[in-house]
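Take a look at the structure below.
Residue numbering restarts at 1 for every chain, and letters A, B, ... go by the order of the sequence lines.
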There are 2 protein chains.
Amino acid sequence: MTEAHIQDAINRLKDTGVRITPQRHAILEYLIVSMTHPTADEIYKSLEHKFPNMSVATVYNNLRVFKKTGLVKELTYGDSSSRFDFVSSEHYHMICNSCGKIVDFHYPGLDEVESLAEQVTGFQVDGHRMEVYGTCPECQKQNKQLKS
Amino acid sequence: MTEAHIQDAINRLKDTGVRITPQRHAILEYLIVSMTHPTADEIYKSLEHKFPNMSVATVYNNLRVFKKTGLVKELTYGDSSSRFDFVSSEHYHMICNSCGKIVDFHYPGLDEVESLAEQVTGFQVDGHRMEVYGTCPECQKQNKQLKS
DNA sequence: AATATAATTATAACAATTTTAATTTAATAA
DNA sequence: TTATTAAATTAAAATTGTTATAATTATATT
């Protein structure tokens, strides 16, 4: 499954005329197989044993390249560092206010909102972003324990 | 109108035991009367003639105070600096991809999404955030001119 | 007026990200 | 293959937004 995703992604890059360097392959692979929403630094740290002299700049550079082709989305999350999400299919994010965990969830779509916004503002709409915030099951348990 | 808003806000602060210093008053007033979504630095720059020796830290400090009382929301916008929004009533933001302009718009509410997310993820939901991205009327015109 | 508390200032520190310039690598054409 | 060109990577410095610290000043309370 993930193998196919990786191939897809690489083909899409090739089609856009982007060279597939070992570093790019590794960053992309990490984004896909890890199934997480890593920060640039997390990616860097988990690949530095494989590429001992890769620089952080490379990670940032390539994440930007991936963003331009639409393979990856940047999630800007409050004060701290951005997280990067491989876009396999449309989904939204549920974020835990107390531990920061990000969980994907699907929702039929907010096309209605887009068209209303278009009418009201006169903008030409490209897309939207939504996140739901709350407390994850684990943190809920912990909070209860603390109170009792 | 805005006068009333300012008074409301100040009363709310007083009730929470927050002192109304000249700097706080000015920052709050700027947020309300300017009707924009300024960055901390924009606020700082537009007040430094009035308070020649105010520091940026004061702006950040007080924005944080306002955030805690719920008077102000922080909008973390991509790479660059946060913008701050005085919360008069529930609304969403429409953001221009080419010039960065932010326009408010109202939408009945996304409670549905929240309750679905709650069921699917098991999180206890606090709230959500949504932004719609697109091109503002002005930038649409400019783009057309460039093409012709 | 004296004391305690909180807010402001100025500066330094910090972390995340970007820029720069030099070097290396890969792709293309002769 | 070799030479040429373009693109990607590296390392380091620079920038940016924000926060922490300590000293000073203002405000409120007794």
Side-chain angles (χ1 to χ4, degrees), chain A residues 9-11 13-30 37-69 71-85 100, chain B residues 9-11 13-30 37-69 71-85 100:
Chain A
I10 286 177
N11 291 336
L13 283 175
K14 275 186 186 157
D15 290 349
T16 349
V18 175
R19 289 188 192 162
I20 310 304
T21 64
Q23 292 89 334
R24 283 185 181 158
H25 194 288
I27 294 171
L28 207 48
E29 189 176 346
Y30 182 77
H37 308 80
T39 62
D41 202 57
E42 279 167 18
I43 298 173
Y44 173 67
K45 288 236 166 62
S46 35
L47 295 181
E48 68 179 346
H49 70 281
K50 213 172 178 180
F51 299 90
N53 42 8
M54 181 175 68
S55 95
V56 239
T58 300
V59 176
Y60 280 105
N61 285 165
N62 291 326
L63 287 171
R64 199 164 8 161
V65 170
F66 298 158
K67 258 173 72 186
K68 257 191 240 151
T69 68
L71 279 178
V72 161
K73 268 192 187 165
E74 182 175 359
L75 315 172
T76 57
Y77 180 40
D79 23 2
S80 53
S81 45
S82 287
R83 296 186 161 275
F84 295 86
D85 185 27
Chain B
I10 286 178
N11 290 336
L13 283 175
K14 275 186 185 159
D15 290 351
T16 347
V18 175
R19 288 188 192 162
I20 309 305
T21 64
Q23 292 91 334
R24 284 185 180 158
H25 194 288
I27 293 171
L28 207 48
E29 189 176 345
Y30 182 78
H37 308 79
T39 62
D41 203 58
E42 278 166 17
I43 298 172
Y44 174 66
K45 288 236 166 62
S46 35
L47 295 181
E48 67 179 346
H49 70 280
K50 215 171 175 179
F51 299 89
N53 43 8
M54 182 175 67
S55 96
V56 239
T58 300
V59 176
Y60 280 105
N61 286 164
N62 290 326
L63 287 171
R64 198 165 8 160
V65 171
F66 298 159
K67 259 173 70 187
K68 256 191 242 152
T69 67
L71 279 177
V72 161
K73 268 193 186 162
E74 181 173 1
L75 315 171
T76 57
Y77 178 37
D79 23 0
S80 52
S81 47
S82 288
R83 296 186 162 275
F84 295 86
D85 185 28

Inset, instruction - Let me know the distance between CG of B:Leu13 and C1' of D:dT27, rounded to the nearest Å. - result: 16 Å
Inset, instruction - Mind checking the CD1-CG spacing from A:Ile10 to A:Asp15? Nearest 0.5 Å is all I need. - result: 12.0 Å
Inset, instruction - Starting from P on C:dA15, measure out to OH on A:Tyr44 and report it in whole angstrom. - result: 16 Å
Inset, instruction - Rounded to the nearest angstrom, tell me the gap between atom CD in A:Glu48 and atom C1' in D:dT9. - result: 16 Å
Inset, instruction - Report yes if at least one side-chain N or O of A:Ser81 is closer than 4.0 Å to OP1 or OP2 of C:dA15; otherwise report no. - result: no
Inset, instruction - Please identify each residue that fulfils side chain to side chain contact (heavy atoms under 4.5 Å, CB included) with B:Asn11, with sequence neighbours left out. - result: B:Gln7
Inset, instruction - Measure from CD1 on A:Ile20 to C1' on D:dT9 and round the result to the nearest Å. - result: 15 Å
Legend entry - By side-chain hydrogen bond (donor to acceptor under 3.5 Å, both in side chains) - contacts of B:Asn61 (at least two apart): none
Inset, instruction - Sugar-phosphate means primed atoms, P, OP1 and OP2; the rest is base. With that split, encode nucleotides 2-12 of chain C 5' to 3' as B, S or - using protein heavy atoms under 4.0 Å. - result: ---BSSSBB--
Inset, instruction - Could you pull out all residues at least two apart from A:Ala26 that satisfy side chain to side chain contact (heavy atoms under 4.5 Å, CB included)? - result: A:Leu47, A:Phe51
Inset, instruction - Grab the CD-C1' distance between A:Glu42 and C:dT17 for me, whole Å please. - result: 16 Å
Legend entry - side chain to side chain contact (heavy atoms under 4.5 Å, CB included) partners for B:Lys73, two or more places apart: B:Val87, B:Glu90
Legend entry - Between C:dT25 (P) and A:His25 (NE2): distance, integer Å: 19 Å
Legend entry - A:Leu63 CG - C:dT17 C1' separation (whole Å): 12 Å
Inset, instruction - Name all residues meeting the side-chain hydrogen bond (donor to acceptor under 3.5 Å, both in side chains) criterion together with A:Lys50; count only those two or more places apart in sequence or in a different chain, and write none if there are none. - result: none
Inset, instruction - Please state how far atom OH in B:Tyr60 lies from atom C1' in C:dA13, giving the value in whole angstrom units. - result: 15 Å
